Every structure is written in C-alpha cells, then in structure tokens.
Amino acid sequence: MVFENRKDLLGMKGLGADEITAILDVAVPMKDIISRDIKKVPPLRGKVVVTLFYEPSTRTRTSFELAGKYLSADTVNLAVTTSSVQKGESLRDTIKTIEVMGADLIVIRHSMSGVPHYVARNTSMRVINAGDGVNEHPTQALLDMFTIRERKGTLEGLTVAILGDIRHSRVARSNIFGLQQFGCRLRAIGPPTLMPPGLESLGVEVFHSLEDGLEGVDVVNVLRLQRERQQQGLFPTLEEYAARFCLTPERLRPARPDVLVLHPGPMNRGVEISGALADSAVSAINEQVTNGVAVRMALLYLMMGGARDEIAG
C-alpha cells in the first residue's frame, strides 16, 4: 500500500516500512526547499490546512504552519483559548464548522488519547494526529526516523535506546512502532516507575541502569522528563532523577563511538540531558527541528495530492 492512498495519519501503528520510506523519501527534496532564499513552491496552492491544538505546542504547530505555507497552502491556526470551545461548543461541532468552511486537512493535538481517531470518523477532511494523550505522536517519530536515516545512512538493524519517561510518552510509542518495521533492536531505559506495564511484550528490552542500557547502542532518544509527573510521586526529586539518568558525555561512553543523540524538545537541561551533550557534535537536536518541517511538508504534499513535478518549484 502506498501512503498516498491513506485519508489520515493517526499513528505509526499499522504503517508499513514501504509507507514510512515513501514519506521519508519525499521529505528529502522538501528539506532542500527550506534551505532556499525563497521558500515557496506551488503544489498545494488553493488547499486549506487548519491546525487545532488543545495542548500547548511550539515546534509541532509552527512547523505544520510553515510546512503548509512553504507548499503554498492557506494555513489557519485555530486558537482554542479564543474559540467557541470556551463557550461550550462540542468537539464534533467544532470539527464540522471547520469542515463546512472548506478546509481540506486538519492537524489536531489533544490531551485525550483517541481523539484524532474520533475526528477522522466524523469528517471528510484529512486528519493528522499531532499528539493524542499518551497514545501516539506519529510525525515526531517520522522526523526522528528521518534524522536517524540522514545521519546513519539507514534505519535497518540499528540498536536504539529510548531514555526517560516511557510510561507517559506518546513519542516513545510511535518510535517503537515505526522503528520495529526496520528490524531495529529497541531498548527502554529509566526508573521502574516510569516504565509502562507490558513493554517487553512489544519486543522492547527494559533497563533500569543507564550504563547497561547504553552498551553498544547506535542511537539514544532522550525524552523530556515531564515535571508535572513529579507531583505524582513517580520519582523522589528532579535532582535524584538527574543523578541517575541525566545523559552526559561521560555517561554516553558505553555507546558506540558514532552514537547519535536525539531529543524531541523542549529540553530540561541538567535534568534529562546535560547542556554540554545537547550542544555537542553527536547531538542532532537542532537538525530534528528543521527535519520536522521537511517531514510535515512531505505529509501534506502526499496527503493532498501535490504534483511531483512541482516540488522543484
């Protein structure tokens, strides 16, 4: 199945290696567009993209808006705090209102898992999940995979460690589903309280020791420690978490010499990752932001039927 035949992107679960590869391949020329002085090509002229975020976001929302604009789509950000949602309008009515205004595609983020699936069932618009609760964040996983492939030359057979709050991470879930399609060996590293039950059943090795978990890994994806979880007593203090699990250049030594370090952002420097490591040559954190725009351009292009000969602009 080619990705162009899908109406929606709701998660990485169920996406095959061929579909993922198709998206990443199209993202390559999209990244070239971002580096130009004039960042504008015409494939999606006349198309309308709406972003609807019920949770705060900087990178994801802005990158979708820029992705649409670079492809000449009309992009609209619906601010929930100033919309009729504050007057009690239901989600279904909000979606229907956007649909009848002529939008072609909606990008939605919501704190409740499954909301994008509900939206997709109740609209003719194309739907992209920009993060739903603790379920999935497929576009983050795709940009992570694009970054890995760009730096490593392949996704096949790598050993990838995901470090931090796996229990509450939709980024971790999407990365696991996506990387497994390429035969990657996956590891989860963190305290027992931040590990979801049944992780081993997904084919993931679990480590509670940073040194053991990092032995021989090709990639480390460091997750943001969600400070709000500290109030739930899942770990004693931020300082104690950092003492055991903050990734530093010294603690990275068991990994392969050419290890790649990722972080979805925003970072808590000195808590889950040191500033020295975040700013080092092994880190691709800033590249991930650029790659996020390219991958989201590829998705909009594929899902809304851009003409391939118009990518060159």
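Sequential numbering from 1 along the given sequence is applied to the chain's residues. As the structure is a computational prediction, the values presented were derived from the model and not from experiment.
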Asker: Could you measure the distance from the CG atom of L299 to the CG atom of L142? Nearest 0.5 Å is fine.
Answerer: 6.0 Å
Asker: Mind checking what makes salt bridge (charged side-chain N to carboxylate O under 4.0 Å, His left out) contact with E55, not counting sequence neighbours?
Answerer: R170
Asker: Using only heavy-atom distances, determine whether the side chains of D132 and S113 contain a donor-acceptor pair under 3.5 Å.
Answerer: no
Asker: Return the minimal non-hydrogen interatomic distance between C246 and L210, and the atom names on each side.
Answerer: O-CD2, 4.1 Å
Asker: Where the side chain of D165 meets the backbone of L225, is there a donor-acceptor pair that is under 3.5 Å apart?
Answerer: no
Asker: Examine distances only and state if a side-chain atom of S280 and a backbone atom of L277 form a donor-acceptor pair shorter than 3.5 Å.
Answerer: yes
Asker: By the ring-ring contact (aromatic ring centres under 6.0 Å, His included) test, which pairs, at least two apart or in different chains, include something from residues 100-120?
Answerer: Y54-H110
Asker: Using modelled atom types and a 3.5 Å cut-off, is there a donor and acceptor pairing between side-chain atoms of S35 and backbone atoms of D32?
Answerer: yes
Asker: Grab the two heavy atoms, one from L10 and one from P116, that are nearest each other, plus how far apart they are.
Answerer: CD2-O, 3.7 Å
Asker: In Å and rounded to the nearest 0.5 Å, what is the CD to CZ distance from Q140 to R173?
Answerer: 15.5 Å
Asker: Measure from the side-chain N and O atoms of K47 to the backbone N and O of L300, and report whether any donor-acceptor pair falls under 3.5 Å.
Answerer: no
Asker: Judged by atom type as modelled, is there a donor-acceptor pair below 3.5 Å linking the side chain of S283 to the main-chain atoms of A278?
Answerer: yes
Asker: Which pairs, with at least one residue in residues 195-206 and sequence neighbours excluded, count as a side-chain hydrogen bond (donor to acceptor under 3.5 Å, both in side chains)?
Answerer: R185-E205
Asker: Partners of R61 by side-chain hydrogen bond (donor to acceptor under 3.5 Å, both in side chains), sequence neighbours excluded?
Answerer: E65
Asker: If I take atom CG from residue L179 and atom CD1 from residue I148, how far apart are they, to the nearest 0.5 angstrom?
Answerer: 5.0 Å
Asker: Are the side chains of Y241 and L194 in touch, meaning some heavy atoms are under 4.5 Å apart?
Answerer: yes
Asker: Does the side chain to side chain donor-acceptor pair (under 3.5 Å) test come out yes or no for H263 and Q288, once each step is laid out?
Answerer: CA-CA 8 Å; H263 192 301; Q288 286 176 272; over 6 Å; no
Asker: When rounded to the nearest 0.5 angstrom, what is the spacing between CD1 in I128 and CG in L9?
Answerer: 6.0 Å
Asker: With E136, which residues qualify under side-chain hydrogen bond (donor to acceptor under 3.5 Å, both in side chains), at least two apart?
Answerer: S174
Asker: When you compare the side chain of L44 with that of V49, does any pair of heavy atoms fall below 4.5 Å?
Answerer: no
Asker: Can you find a heavy atom in the side chain of L223 that is under 4.5 Å from one in the side chain of E272?
Answerer: no
Asker: Please report the interatomic distance CG(L262) to CD(E287), rounded to the nearest 0.5 Å.
Answerer: 9.5 Å
Asker: Applying side-chain hydrogen bond (donor to acceptor under 3.5 Å, both in side chains), name anything that partners K13, two or more places apart in sequence or on another chain.
Answerer: none
Asker: Which residues pass the salt bridge (charged side-chain N to carboxylate O under 4.0 Å, His left out) test with D25, sequence neighbours left out?
Answerer: R149
Asker: Who are the side-chain hydrogen bond (donor to acceptor under 3.5 Å, both in side chains) partners of R109, not counting sequence neighbours?
Answerer: T60, H137
Asker: Nearest heavy-atom pair of L247 and L163: which atoms, and what distance?
Answerer: CB-CD2, 4.0 Å
Asker: Looking at side-chain heavy atoms only, is the closest gap between V282 and L260 below 4.5 Å?
Answerer: no
Asker: Can you give me the closest heavy-atom contact between L15 and R6, atom names plus distance?
Answerer: CD2-NE, 3.4 Å
Asker: Which donor-acceptor pairs under 3.5 Å do the side chains of residues 213-222 make with protein atoms, sequence neighbours left out?
Answerer:
from: D218; atom 1: OD1; to: R256; atom 2: NE; distance (Å): 3.1
from: D218; atom 1: OD2; to: T159; atom 2: N; distance (Å): 2.8
from: N221; atom 1: ND2; to: D144; atom 2: OD2; distance (Å): 3.2

Asker: Measuring only between side-chain heavy atoms, which start at C-beta, is V76 closer than 4.5 Å to T51?
Answerer: no
Asker: Specify the closest pair of heavy atoms between N122 and K96, including all atoms of both residues, with the distance to one decimal.
Answerer: O-NZ, 4.5 Å
Asker: Any donor-acceptor pair under 3.5 Å linking the side chain of K7 with the backbone of S124?
Answerer: no
Asker: Who passes side chain to side chain contact (heavy atoms under 4.5 Å, CB included) against P266, sequence neighbours left out?
Answerer: R59, R224
Asker: Could you check whether any side-chain heavy atom of K40 comes within less than 4.5 Å of a side-chain heavy atom of Y70, counting everything from C-beta outward?
Answerer: no
Asker: Taking the side chain as every heavy atom from C-beta outward, state whether F64 and T75 have any atom pair closer than 4.5 Å.
Answerer: no
Asker: Should P196 and L199 count as side-chain neighbours, where that means a heavy-atom distance under 4.5 Å?
Answerer: yes
Asker: With sequence neighbours left out, write down each residue that passes salt bridge (charged side-chain N to carboxylate O under 4.0 Å, His left out) with D279, or none if nothing qualifies.
Answerer: R269
Asker: Show, in sequence, the C-alpha distance, side-chain angles and deciding distance for R187 and F207, and conclude whether the side chain to side chain contact (heavy atoms under 4.5 Å, CB included) test is met.
Answerer: CA-CA 7 Å; R187 301 179 183 178; F207 294 85; 3.6 Å; yes
Asker: Please find the pair of heavy atoms, one from K31 and one from N291, that lie closest to each other, and give the distance.
Answerer: NZ-OD1, 2.8 Å
Asker: What residues, two or more places apart in sequence or in another chain, satisfy salt bridge (charged side-chain N to carboxylate O under 4.0 Å, His left out) together with K39?
Answerer: none
Asker: Under 3.5 Å, side chain of S274 to main-chain N/O of G270, donor-acceptor pair present?
Answerer: no
